[in-house]
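Remarks on the structure that follows.
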Amino acid sequence: MNFKLVHVFLSLTLLVVFTSSSYANELSKEQINKVLKEAYNKYKGDMGGKNADYIKALDIVDPTIFGITFVDTHGNIYEYGDTKQVVSIQSISKVFTAALVMSEHGAKFVQEKIGVNATGAAFNSIIAIEQHGGSASNPFVNAGAIQSTSWVKAKDSKERWIKISANMSAYAGRNLTLNEPVYVSEVNDNKRNQAISKILDAYGRMGSDPLEATTVYTKQCSLNVSSKDLAVMGATLANHGKNPVTNTQVINAKYTPKIMAVMATAGLYDNAGDWLYDTGAPAKSGVGGGILAVIPGKYGIGIVSPPLDKYGNSVRAQLAAKYIIEKLNLNPFAQ
Ligand code: GLN
């Protein structure tokens, strides 16, 4: 009897030790909440930068919106500020459509057909296509993103759109909806992207009609997301493709390192090197004001604040993300 009790006690002790040691490297709730609050308070008054205005509907978005969300791979959510306010996802959508193309055609296809190298040029550069032998260089500049959209397998653009929006919704764990004014404003004014799609078509790189693909691409950029959505999407990448909130495996785990590698080299456009130097984190920005950063294997960080710097990256979102990553010692290269 006594022996049995000792045995049960020892087993329970071992279980507790094992469970807590497997979480030993994780941050406490208090640590995370404290640093999010500090980041919010430190930068909420910083009104540097300017909303994007080449898409007219973005110019009138409230520039004071500032939301910070942090999600771990167990699905715990930490938030501070305007975390329910939505902005259009814009270029951050490029990550998820490229991931869909990778699932459908394989990692080699993305590398060979679209490319995985930084352009060193602006996100909507045309000259970069010519300089790189008629290639987009990577799926996170407009050229590569329009190309990705064109390669999503579908019988027509309607089906392509349904697949792309369902895919992004699966990463976010909820049904993302369209920001109609942003879509209408951009679709009537996206001549430069149309030109990009035509050049790529001339080089034989498009999977469907170029103008149709540009329209679907513009629509995918117009889905609304909050900082919470972005953080859950990031945590899904951090969690080897499994959404930690819904527990759905959204993409095969073998592809997430490839996607994050391109985020590291080209996620913040021609400023990606500076960002990586400061944070070490794969990330993606959008001209709607969102930034999504991933701490592989650990966390997704989503921040929304519309005013942008000259590269098209949110000023406050970059500052807050850098602060959080530094204070919580999350730089992947420092582990
Ligand atoms: N829809 C925008 C465009 O094509 C996205 C650009 C961005 O977020 N950098 O210009």
Side-chain angles (χ1 to χ4, degrees), residues 49-59 61 86-98 114 118-129 136-150 161 164-165 168 176 178-200 206 210-225 227 229-230 233 262-263 265-272 275 283-293 302-315 317-318:
K50 199 178 161 313
N51 282 23
D53 56 8
Y54 76 99
I55 300 169
K56 292 182 186 59
L58 296 185
D59 197 24
V61 175
V86 289
V87 294
S88 53
I89 188 167
Q90 297 299 338
S91 272
I92 304 169
S93 68
K94 293 167 175 169
V95 172
F96 304 97
T97 301
I114 301 175
T119 62
F123 63 81
N124 56 359
S125 174
I126 290 177
I127 201 153
I129 304 171
S137 288
N138 73 70
F140 299 164
V141 288
N142 289 8
I146 298 168
Q147 242 190 295
S148 293
T149 303
S150 82
W161 162 245
I164 287 174
S165 54
M168 278 197 272
L176 299 177
L178 190 69
N179 185 324
E180 197 73 37
V182 168
Y183 173 60
V184 171
S185 148
E186 194 180 0
V187 86
N188 289 320
D189 212 9
N190 62 356
K191 302 224 167 26
R192 190 179 176 91
N193 284 341
Q194 292 179 24
I196 287 173
S197 75
K198 287 283 205 177
I199 294 171
L200 290 167
M206 296 295 283
L211 296 184
E212 239 174 62
T214 308
T215 301
V216 176
Y217 158 79
T218 305
K219 210 165 178 181
Q220 82 179 36
C221 288
S222 310
L223 281 180
N224 268 335
V225 284
S227 62
D229 294 323
L230 293 176
M233 293 167 105
V262 191
M263 291 169 78
T265 46
L268 270 73
Y269 320 116
D270 35 338
N271 204 35
W275 164 268
K284 185 75 202 82
S285 60
V287 293
I291 287 191
L292 174 164
I303 308 184
V304 165
S305 168
L308 312 175
D309 65 14
K310 65 175 181 191
Y311 302 101
N313 299 321
S314 167
V315 172
Q318 285 179 87

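Just so you know, these numbers use all the heavy atoms, side chains as well, and skip hydrogens, waters and symmetry mates. Note that ligands are numbered from 1 as they come in the structure, with each ligand's atoms numbered from 1 the same way. Positions are given from 1 along the sequence.
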Exercise. Going by the order shown, which atoms of ligand 1 are within less than 4.0 Å of some heavy atom of Y217?
Worked result: 1 (N), 2 (C), 3 (C), 4 (O), 5 (C)
Exercise. Can you find an N or O of V287 that's nearer than 3.5 Å to an N or O of ligand 1?
Worked result: yes
For this session: Considering only non-hydrogen protein atoms, determine which one is nearest to atom 5 (C) of ligand 1 and report residue, atom name and distance to 0.1 Å.
Result: Q90 OE1, 3.3 Å
For this session: Going by heavy-atom distance to atom 6 (C) of ligand 1, choose the closest among S91, A52, A122, S88.
Result: S91
Exercise. Any cation-pi pair here, K94 with F140, using under 6.0 Å and within 45°?
Worked result: no
Exercise. Which atoms from ligand 1 have a heavy atom of F123 less than 4.0 Å away?
Worked result: 6 (C), 9 (N), 10 (O)
Exercise. When the aromatic ring centroids of Y311 and Y269 are compared, is their separation below 6.0 Å?
Worked result: no
Exercise. Relative to the heavy atoms of C221, which atoms of ligand 1 are at a distance of less than 4.0 Å?
Worked result: 1 (N)
Exercise. For ligand 1, which atoms, with element, lie under 4.0 Å from some heavy atom of G286?
Worked result: 8 (O)
For this session: Examine the proximity of ligand 1 to N193 and report which part, side chain or backbone, both or neither, has a heavy atom under 4.0 Å away.
Result: side chain
For this session: Could you tell me if any non-hydrogen atom of G312 lies under 4.0 Å from any atom of ligand 1?
Result: no
Seminar exercise, completed: Looking only at protein heavy atoms, what sits closest to atom 10 (O) of ligand 1 is Y54 OH, 2.5 Å
Problem set entry | E186: numbered ligand 1 atoms lying under 4.0 Å from its heavy atoms | 1 (N), 2 (C), 3 (C), 4 (O), 10 (O)
Exercise. Taking it one step at a time, do M168 and V225 satisfy side-chain contact (heavy atoms from CB on, under 4.5 Å)?
Worked result: CA-CA 10 Å; M168 278 197 272; V225 284; over 6 Å; no
For this session: Look at atom 9 (N) of ligand 1 and say which protein heavy atom is nearest, naming residue and atom and giving the distance to 0.1 Å.
Result: Y269 OH, 2.6 Å
Exercise. Is the closest heavy-atom distance from N124 to ligand 1 below 4.0 Å?
Worked result: no
